[in-house]
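In what follows, a structure is listed as structure tokens, so that the remarks can point back to it.
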Amino acid sequence: MDRARRQAYLEALGVRAWVRRDRAASPEVVEPAEDLESGMVTPGGPPSAPAGGGFPADMLRAALRGDAPVAPIEAPAEMPRDEPGAVAAPQALSSGGAAGGDPSDLDWPALADMVAGCRACELHRSRTRTVFGTGAQDAELMIVGEAPGADEDRLGEPFVGRAGQLLGAMLHAVGLTRQQVYISNILKCRPPGNRNPSAEEAAACQGYLDRQIALVQPSLILSVGAISAHNLLATDLPVGKLRGRLHRHPRGVPVVVTYHPAYLLRRPEEKAKSWADLQQVARALRG
Ligand code: URA
């Protein structure tokens, strides 16, 4: 995508592009918020902005090639799993949470059928449709959100409401389409009123997402929002502390955490950080 087009996308997204001072007369020249000398990405924007973290640009590429260690996240073992609001433990990779059995060996059609008929938690009573997942079943990049909202519940597809449109626009701006990635959620059913998923609901759904990850075999997971990150990584750190570092899912897949697009709609001033995260992901995928 040429710079002018990308600039137009960024403006549409409400992301203020950083134009190098020495090239300010050429408004089409947009620099990513990256310190090219050190290879460090500064997710918060240009070097003059507060950094707020960052991982070496090469680290992600190396992790995708499988020849570099990925830093473990902090203290997953200390999580208070049994307290109200605690996240589901992602270590239980094989158990299903499925009404009729264990999804861990299922192929795509059988898994989709099992999700469609799932009654493993109370959410089946209030859902209109289950929301399985969408996109390329062999995608390099898998995006994991939280749970369906009202639009997704009605249409049976993830990220089709306002937040989904923003996610689509951000993907487009880094040269990716929804069809090229695989998009799914921690929960396959909408929690009433869009409340946060309970630990029990997340645990009941975990086998489905885990099987999707095993089938897609993505090179990288982009985890959007706290609910997604907490459940994928068994941590309760805020997104602000999780982004800018490389994590690893129990299946071994590198994970990058960024803000949920619904949060970005409420806090547009944070869009530049997610934009930087996405650029980093897209650059790494391009090799
Ligand atoms: N938010 C999510 O996390 N997932 C969706 O599918 C829609 C909104």
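Both ligands and their constituent atoms are indexed starting at 1 by order of listing.
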Any idea which atoms of ligand 1 are less than 4.0 Å away from a heavy-atom of His260? 1 (N), 2 (C), 3 (O)
Could you tell me whether Asp210 and Arg251 make a salt bridge, using a distance below 4.0 angstrom between a side-chain N and a carboxylate O? yes
Would you say the rings of Tyr182 and Trp108 are close, in the sense that their centroids are separated by under 6.0 Å? yes
Ligand 1 to Phe159 polar contact by distance, N or O atoms, under 3.5 Å: yes
Proximity to ligand 1 by part of Glu146, non-hydrogen separation under 4.0 Å: both
Using a 4.0 Å cut-off to any heavy atom of Gly145, which atoms of ligand 1 qualify? 3 (O)
Using a 4.0 Å heavy-atom cut-off, say whether Pro158 meets ligand 1 through its side chain, its backbone, both or neither. both
Please list the nearest protein heavy atom to atom 4 (N) of ligand 1 with its residue and the distance rounded to 0.1 Å. Asn185 OD1, 2.8 Å
Does any N or O in the side chain of His249 come within less than 3.5 Å of the main-chain N or O of Val255, such that one atom is a donor and the other an acceptor? no
Applying salt bridge (Lys or Arg N to Asp or Glu O under 4.0 Å), name anything that partners Glu122, two or more places apart in sequence or on another chain. Arg125
Select one of side chain, backbone, both or neither to describe which atoms of Ala147 lie under 4.0 Å from any atom of ligand 1, heavy atoms only. backbone
Say whether Glu152, considering both its backbone and side-chain N or O atoms, lies within less than 3.5 Å of an N or O atom on ligand 1. no
Apply side-chain contact (heavy atoms from CB on, under 4.5 Å) to Ala116 and list each qualifying residue two or more places apart in sequence or on a separate chain. Thr130
Look at Glu152 together with Arg127 and state whether they make a salt bridge at an N to O cut-off of under 4.0 Å. no
